[in-house]
Amino acid sequence: MSTQTQAPDAAPQILPSFVKGQWWRPEQPERVADVRDAASGELVARVSTDGIDTAGAVEYGRTVGHASLGELRIHDRALILKQLAQYLGEHKEELYELSYATGSTAKDHLIDIDGGIGTLFTFSSKGRRELPNANVVVDGAVEQLSRDGSFLGEHVYTRLPGVAVQINAFNFPVWGMLEKFAPAFIAGVPSIVKPATPTGYVTEACVRLMLDSGLLPEGSLQLISGSARDLLDHLDARDHVAFTGSAATAQSLRAHSNVQEKGVRFTAETDSLNAAIMAPDVTEDSPEFEAFVKSVVLEVTAKAGQKCTAIRRVIVPQEIRGAVVEAITKRVAERAAVGDPRDAATTVGPLASEEQYFEVLRSVRALIDAGASVELGGPEELSSVPEHGAFFPVTVLSFDDARTPAVHEVEAFGPVTSVLGYSGDVADAVEIAALGGGSLVATVCTHSPELAAQFLSGIGAHHGRVLFLDRDDAKTSTGHGSPVPHLVHGGPGRAGGGEELGGVRAVKHYMQRTAVQGSPDLLTGITGQWHWGASATTVTREDVENGTGEHPFRKSLETLRIGDQFVSDLRTVKLEDILEFAEKTGDTFYAHTDEEAATANPFFPRRVAHGYLLVSWAAGLFVEPSPGPVLANYGLENLRFITPVTYDDAIRVTLTANKITPRVTDEYGEVAWDARLTNQNDEIVATYDVLTLVAKQWPTPESEAGQDMA
């Protein structure tokens, strides 16, 4: 292969970094790396960070960035992500054009650029729907630490006080950045992004767009375009490092003294010899066979196989190994067109750089030397690819001995996969898959629920994600190689042992979980959620009728406060009430209708009221029926029935505003009410949360306008 060069006077400027609130380039760099178009070899960018102030960047993030993000709440930051995604979507064609030079085809752009934008949308939605509009996140239930309820304990998450350093791989210059940036941003932790040099110019363009949008708080995002050799020297226990790349580099970073001794939080996603396993129930005639072959070929060719989730090992029953090899090679020959990524007919572009080309070539030769048979492609086919650029032919290898060490140790990070046969026994397939030493993802192709359960039991601990493929989900599956922001991305062992994505789990990686202990009032003040036993502003039905108190349901979010409480009168349960409810609902369970059988039940004193009858009555006891700021009841959570209620007992309800969550994009918010039913002896009958949608103002501006018009 050969490359082309430009004259020195035509060379592009050094790619800038963005640190301490401004764009920066070295003035007289001694070390400069040239980055070339993966297809043509033409010079695309020059990279150097000689003289960059990494210590200053860290301090700027910890101070300016942390302060500006702290002025916002979780929902505010999540909404910014949505707006940012919309802005990038309007400018993604600019990123597409640059990305061609990395070797990406038009379809590859969808994986990296559109995938990154989609990740922003998903985290924005989850942040606003699954996290509180606050900066403290409660984790789990309250623990009673004293008999009288005056001393409680619980767990909370608060944001890290440092910076999130994100070191990304060359294969996903946009998605790789955004999938780390999004959860850190929602958590309120400023990011310092360090992309891989071969494709960092695409990341730089994306960061420039993000900054040009005007949406980001000052200091929330910095970029180091090139080497950041001493960056970890300036980090400590306040900070978080998320790394994606080679296992060797991860190991060297993990061994840094500040990680080992100063507690820098470090997570890694590294090399992974992912497997696709065909279960014993799959035959050449079953729909699963075709779905399996399609999946393998897609993962070998997408992004020219340069995906950390690509299928490197194809593990199939030995008796149909030949048929699988034939089907894969046939589909590759029909659908894999290696060429210039700008050509619409191309489905497989070049590798990202000449360095990667030689690395893949070395790995393939190592696999061949270890006993692989070349079924398609390989070094002998290099003459069939374009003369210029880092092109590598789609290569299918097979091994007679599925336990050959090299196939479970050497990763050819390109359009390369190896087919292995197993005895047809699930245990044998599991054992072969485990030889990879831990990976990000495995696909198991089966239509048998029993076999699926066996495989998960065997390989689950070796993989961060397992996709089960069959005829029912083949058309709707997001695919073996596509991490989705809803689910965890990462894996044990060789895969790095880290964990990213997974919805709000990823946000919490940038937060500290702390156990807090104290009185109900103090914990209410800390968390912004009311705790039973804390101070409350209590009104009764009599107060409301006398005009000496306002029912909480008459308060909009402007005036409603945590701890606003309504205590109802008692209502007596009669036997005819129980029987009428049973007849009208059809719930004639014996505990409500058969005195002798109910009395014989160890849980009941005699016939008892239906739990749902009591909950229905409770609504009647606390409701304020006139039109008002409470717009809708949209559910109950955490309902528990504790003490049975029999006829001649009485119940009352205590309803307390527990959590108030204004929606940043709507004229209403969510209010969770602590509902507690007690009987005439003050014993707890039931507990649950009532969820309502409440107007931010009442009367609403719309209703006032309507009254004025009338």
Side-chain angles (χ1 to χ4, degrees), residues 111-112 115-116 118-119 122-123 126 169 171-172 175-176 178-180 182-183 242-245 247 250 267-279 288 291-292 294-296 298-300 302-303 305-315 408 411 413 417 426 429-430 432-446 449 451-470 472-474 476-509:
I111 302 172
D112 182 31
T119 296
T122 299
F123 271 104
K126 283 189 165 290
N171 51 335
F172 288 102
W175 176 85
L178 295 180
E179 62 98 4
K180 294 181 176 68
F243 170 81
T244 300
T267 184
E269 185 256 287
T270 63
D271 303 350
S272 184
L273 287 161
N274 311 294
I277 306 171
M278 182 181 286
E288 284 71 30
F292 182 85
K294 286 181 178 179
S295 177
V296 170
L298 175 63
E299 296 307 323
V300 174
K303 293 283 289 183
Q306 298 171 108
K307 295 168 63 180
C308 56
T309 53
I311 295 171
R312 304 298 178 197
R313 299 175 298 155
V314 181
I315 303 172
H408 306 291
E411 180 180 22
F413 201 74
T417 196
V426 170
V430 165
I432 293 169
L435 293 175
S439 68
L440 296 170
V441 57
T443 284
V444 176
C445 190
T446 180
L451 287 176
Q454 290 180 43
F455 270 107
L456 182 63
S457 177
I459 70 172
H462 298 279
H463 299 84
R465 174 166 58 93
V466 179
L467 184 152
F468 287 95
L469 179 68
D470 73 351
D472 297 329
D473 65 14
T476 56
S477 167
T478 52
H480 168 102
S482 299
V484 292
H486 316 69
L487 301 179
V488 164
H489 177 55
R494 178 175 177 142
E499 184 176 289
E500 296 175 344
L501 300 179
V504 297
R505 296 172 183 82
V507 177
K508 293 175 181 177
H509 291 323

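Residues: numbered from 1 along the sequence shown.
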_According to side-chain hydrogen bond (donor to acceptor under 3.5 Å, both in side chains), who are the partners of Glu411, at least two apart in sequence or on a separate chain?_
Arg312
*Quick one: are Val430 and Gln454 in side-chain contact, heavy atoms under 4.5 Å?*
no
*asked:* Assess the residue pair Cys445 and Asp470 against the criterion (side-chain contact (heavy atoms from CB on, under 4.5 Å)); give the C-alpha distance rounded to whole Å, side-chain angles, the decisive distance to 0.1 Å, and a yes or no.
replied: CA-CA 6 Å; Cys445 190; Asp470 73 351; 6.0 Å; no
_Partner residues of Thr417 under the side-chain hydrogen bond (donor to acceptor under 3.5 Å, both in side chains) criterion, sequence neighbours left out_ = none
_For Pro492 against Gly464, the heavy-atom pair lying closest together_ = CD-N, 3.9 Å
_Test item: Lys303 side-chain N/O and Asn171 main-chain N/O as donor-acceptor pair under 3.5 Å_ = yes
*Apply side-chain contact (heavy atoms from CB on, under 4.5 Å) to Ser295 and list each qualifying residue two or more places apart in sequence or on a separate chain.*
Ile311, Leu469, His480
*Who pairs with Ser439 by side-chain hydrogen bond (donor to acceptor under 3.5 Å, both in side chains), at least two apart in sequence or on another chain?*
His463
*Should Glu288 and Thr446 count as side-chain neighbours, where that means a heavy-atom distance under 4.5 Å?*
no
*Could you walk me through whether Phe468 and Leu456 pass the side-chain contact (heavy atoms from CB on, under 4.5 Å) check?*
CA-CA 9 Å; Phe468 287 95; Leu456 182 63; 3.9 Å; yes
*Ile459 and Val466, any side-chain heavy atoms less than 4.5 Å apart*: yes
*Find the distance between OG1 (Thr119) and NE2 (His486) and round it off to the nearest 0.5 Å.*
9.0 Å
With a cut-off of 3.5 Å and sequence neighbours excluded, list every side-chain donor-acceptor pair involving residues 270-278.
from, atom 1, to, atom 2, distance (Å)
Thr270, OG1, Arg494, O, 2.5
Thr270, OG1, Ala495, O, 3.4
Thr270, OG1, Gly496, N, 3.2
Asp271, OD1, Ala247, N, 3.4
Ser272, OG, Asn274, OD1, 2.5
Ser272, OG, Leu440, N, 2.7
Asn274, OD1, Leu440, N, 3.2
Asn274, OD1, Val441, N, 3.2
Asn274, ND2, Ser272, O, 3.3
Asn274, ND2, Cys308, O, 2.8
Asn274, ND2, Ala310, O, 2.9

*Taking only residues two or more places apart in sequence, or in another chain, which ones meet His489 in a ring pair (Phe, Tyr, Trp, His ring centres under 6.0 Å)?*
Trp175
_Any heavy-atom pair between the side chains of Phe123 and Leu178 that's under 4.5 Å?_
no
*By salt bridge (charged side-chain N to carboxylate O under 4.0 Å, His left out), which residues pair with Lys294, not counting sequence neighbours?*
Glu290
*Quick one: salt bridge (charged side-chain N to carboxylate O under 4.0 Å, His left out) partners of Glu499, sequence neighbours excluded?*
none
*Can you sort out the partners of Lys126 under side-chain hydrogen bond (donor to acceptor under 3.5 Å, both in side chains), two or more places apart, ordered by chain and number?*
Glu130
*So do the side chains of His408 and Ile432 get within less than 4.5 Å of each other, counting heavy atoms only?*
yes
*Taking the side chain as C-beta and beyond, is there a heavy-atom pair between Gln306 and Phe172 under 4.5 Å?*
no
*Go through the structure and list residues passing salt bridge (charged side-chain N to carboxylate O under 4.0 Å, His left out) with Lys307, not counting sequence neighbours.*
Glu299
*asked:* Could you work out, with salt bridge (charged side-chain N to carboxylate O under 4.0 Å, His left out) as the rule, every residue matching Arg313, not counting sequence neighbours?
replied: none
*Is Ser482 reaching over with its side chain to a backbone N or O of Thr478, donor-acceptor style, under 3.5 angstrom?*
yes
*What pair of heavy atoms forms the shortest contact from Gly481 to Pro483, and how long is it?*
O-CD, 3.2 Å
*List in chain and number order the residues that pass ring pair (Phe, Tyr, Trp, His ring centres under 6.0 Å) with Phe243, two or more places apart in sequence or in another chain; answer none if no residue qualifies.*
none
_A side-chain contact here means heavy atoms from C-beta on lying under 4.5 Å apart; do Leu451 and Val426 qualify?_
yes
*Donor-acceptor pair, Ser477 side chain versus Asp473 backbone, under 3.5 Å?*
no
